[in-house]
Structure formats: structure tokens, C-alpha cells
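Values below: every heavy atom of this structure, side chains too, minus hydrogens, waters and symmetry copies.
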Amino acid sequence: MRKRIAIFASGSGSNAQKLMEHFKHSDDAEVSLVLTNNADAYVLQRADNFEIPSHIFDRNELYNTENVLILLKNLDIDFIVLAGFLWLMPENIINTYPGRIINIHPAILPKFGGKGMYGDKVHRAVLEGKESEGGITIHYVNNQYDEGEYIYQAKYKIEANDTLEVVKFKGQQLEHLHYPRVVESLVKKLKK
Ligand code: GAR
């Protein structure tokens, strides 16, 4: 039986797109739902293009009601993937999906992580820190920003004249290459 994946995303959703493409013809899993806190997020359009249902929630719904958890349960979601999701996962979802929620972060954690470290802010900090390498981290999600156990890390080299766009591109290439394959290897091991 194909495992059912839900993606949480707040923005463009290029990683979500790669996941939707990857699992479109997979025997192991499918992307069954896309959730966002942002009604203008381009990820909603991407979900539509794949005819994947989506759900928009606000802070109150996520943190003060069981609605989102009930939706995940009603749709038989087995695994949750954060792909550029800005908010913390609420306790009720974390407790219901132990070891079944993962995130991707555009830096080699533990450096350049934590609250407010998101997207371009991370790349800017990496450049300002005069790092010789950037990278990505895929990790389990707990109730702190960017703090769960690491699953996979990959690095790229930063050249002296690399701009924000260049490091962002290098990071994205790694994310798009590795996130679908790491998600696949994890969902394959899941017992339904
Ligand atoms: C990705 O680079 C992801 O690593 C980052 O947001 C971007 C979303 O891009 N996530 C974080 O910074 C989490 N702290 P996308 O919407 O194009 O997939």
C-alpha cells in the first residue's frame, strides 16, 4: 500500500514540486495533501497542477484547534515533510507522528539555524560569516526550530565572489537532488 505524505510549505514550494514529481509514479508513496499558512503561497498552484488537495490554515487553527491533526488523520497521512515551512509544528501533531516528520534547512546545522533563520536570511548569514562551505541539513522535527536529530547533510563550496543568488542556487540544487530520495528511503521503512 502506498504511504501517504503531507507537505507543509509557506512559500514558493520548489522542494514540494520535486517531491510531487518524484512520487507521482512511485509504488511506495504519494503526496496526498499540501498544507500552508500562506494563502498567496505559490506552492498552492503547484499542488493544483498535480491535482493534489491543499489546505490553508491560520495560527489559531494550527495552534488552538485539532482541525489540522484531524485532517491529517482523516486523509490517512503516514508521513509529514516540511518544505520551507515557517512555523513550528504544534505539539499535537508532533506527538501523533513520532519519527514521521522531517524538515530541510539550507545550511549545515547547527550553524545558521534557529528561530528566524529561514530561506534567504540563512544564505545571507552564511555569506556574511565568510564561510568556505555551505550546505543543507535534513532532520527530524521536534518542538524547537531546526533541532531534531540529523538524517542527512551535504555541502557545497563557496567561492570568493559568490553572490546570494549563487549560494542559494547551489543549496537548492542539493536540496532538489537529495530531499526526494531521502524521503523515499524513510517512507519505505515505515510500517503502515
Ligand atoms: C528551502 O531552501 C528550505 O531549505 C528553506 O526554505 C526554502 C524553501 O524553498 N527552509 C528553511 O529555511 C527552514 N528553516 P522552496 O519553497 O522553494 O522549497
Side-chain angles (χ1 to χ4, degrees), residues 1-13 15-16 18-20 22-23 28-39 41 43-44 47 52-119 121-122 136-153 175 178-192:
M1 191 143 162
R2 291 170 98 201
K3 308 289 178 4
R4 296 171 62 80
I5 298 170
I7 299 177
F8 282 69
S10 299
S12 158
N15 280 286
K18 292 292 166 189
L19 291 160
M20 291 187 275
H22 186 88
F23 289 105
D28 302 307
E30 65 172 50
V31 178
S32 309
L33 178 65
V34 169
L35 301 105
T36 185
N37 58 299
N38 175 6
V43 72
L44 290 169
I52 293 170
S54 54
H55 179 69
I56 306 165
F57 52 80
D58 62 15
R59 259 185 201 284
N60 182 54
E61 184 180 344
L62 185 64
Y63 295 111
N64 302 326
T65 78
E66 298 282 304
N67 287 4
V68 175
L69 180 58
I70 290 168
L71 178 63
L72 295 170
K73 284 182 172 173
N74 283 347
L75 290 183
D76 268 331
I77 298 301
D78 300 295
F79 197 75
I80 297 174
V81 178
L82 311 191
F85 182 56
L86 270 173
W87 296 354
L88 279 181
M89 270 287 125
E91 297 277 342
N92 62 348
I93 296 179
I94 290 178
N95 294 338
T96 309
Y97 287 91
R100 288 172 178 244
I101 311 176
I102 68 168
N103 180 42
I104 192 161
H105 185 78
I108 309 161
L109 291 172
K111 273 184 127 180
F112 306 110
K115 191 170 178 5
M117 282 305 240
Y118 173 81
K121 275 198 193 161
V122 179
I136 62 165
T137 303
I138 298 170
H139 63 93
Y140 287 105
V141 168
N142 62 19
N143 57 359
Q144 302 294 319
Y145 284 100
D146 305 325
E147 278 197 5
E149 185 194 334
Y150 301 158
I151 300 162
Y152 181 79
Q153 294 188 301
E175 293 190 332
H178 294 293
Y179 211 15
R181 132 189 120 62
V182 169
V183 171
E184 179 177 285
S185 77
L186 294 173
V187 293
K188 272 184 167 176
K189 288 185 219 151
L190 284 182
K191 298 200 173 60
K192 196 53 174 164

Side chain to side chain contact (heavy atoms under 4.5 Å, CB included) between F79 and I102, intermediate numbers included
CA-CA 8 Å; F79 197 75; I102 68 168; 3.9 Å; yes

Apply side chain to side chain contact (heavy atoms under 4.5 Å, CB included) to E61 and H55, showing your working.
CA-CA 11 Å; E61 184 180 344; H55 179 69; 2.8 Å; yes

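Here the closest non-hydrogen pair linking P90 and Y63 is CB-CD2, 3.9 Å. Counting all heavy atoms, side chain and backbone alike, V34 lies closest to A47 at CG2-CB, 3.8 Å. In plain terms, the two heavy atoms of H139 and I151 that are nearest each other are C-CD1, 3.7 Å. Scanning both residues, D146 and L109, for their nearest heavy atoms gives O-CD1, 3.6 Å. The minimum heavy-atom distance between A107 and F112, with the atom names listed, is CB-CB, 3.8 Å. Taking each heavy atom of G116 and K121 in turn, the nearest pair found is O-CD, 3.2 Å.
Identified under the side-chain hydrogen bond (donor to acceptor under 3.5 Å, both in side chains) test for residues 79-94, with sequence neighbours left out: E66-N92, E91-N143.
Tested against N103 for a side-chain contact (heavy atoms from CB on, under 4.5 Å), the candidates T137, I80, V141, V81 yield a single pass: V141. The only member of I136, V122, L82 that meets side-chain contact (heavy atoms from CB on, under 4.5 Å) when paired with H105 is V122.
Relative orientation of the F57 and F8 rings is tilted, given thresholds of 30° and 60° on the angle between their planes. Ring-plane geometry between H178 and Y152 is classed as tilted, the angle between the planes lying from 30 to 60 degrees on a 0 to 90 degree scale.
Take K111 and apply the salt bridge (charged side-chain N to carboxylate O under 4.0 Å, His left out) test, not counting sequence neighbours, and it matches E131. Every salt bridge (charged side-chain N to carboxylate O under 4.0 Å, His left out) that E30 has, sequence neighbours left out, goes to R2, R4.
Taking CG of L72 as the start and OG1 of T96 as the end, the distance is 8.5 Å to the nearest 0.5 Å. Atoms CG and OG, on D78 and S32 in that order, are 8.0 Å from each other to the nearest 0.5 Å. In this structure, the separation between CD on E184 and CG on L19 is 10.5 Å, given to the nearest 0.5 Å. One distance of note links OG of S54 with CG of L35; it measures 8.0 Å at 0.5 Å rounding. Atom CG in L71 sits 9.5 Å away from atom CD1 in I93 (nearest 0.5 Å). Interatomic distance, NZ of K188 versus CG of D28, reported as 4.5 Å (0.5 Å rounding).
Put simply, the side chain of M89 does not reach to within 4.5 Å of the side chain of Y97, judged on heavy atoms. Within the 4.5 Å cutoff, no side-chain heavy atoms of P98 are placed close to those of Y140.
N37 and S10 share a side-chain donor-acceptor pair at under 3.5 Å. E147 and N142 share no side-chain donor-acceptor pair at under 3.5 Å.
When atom types are taken as modelled, the side chain of K3 and the backbone of L190 share a donor-acceptor pair closer than 3.5 angstrom.
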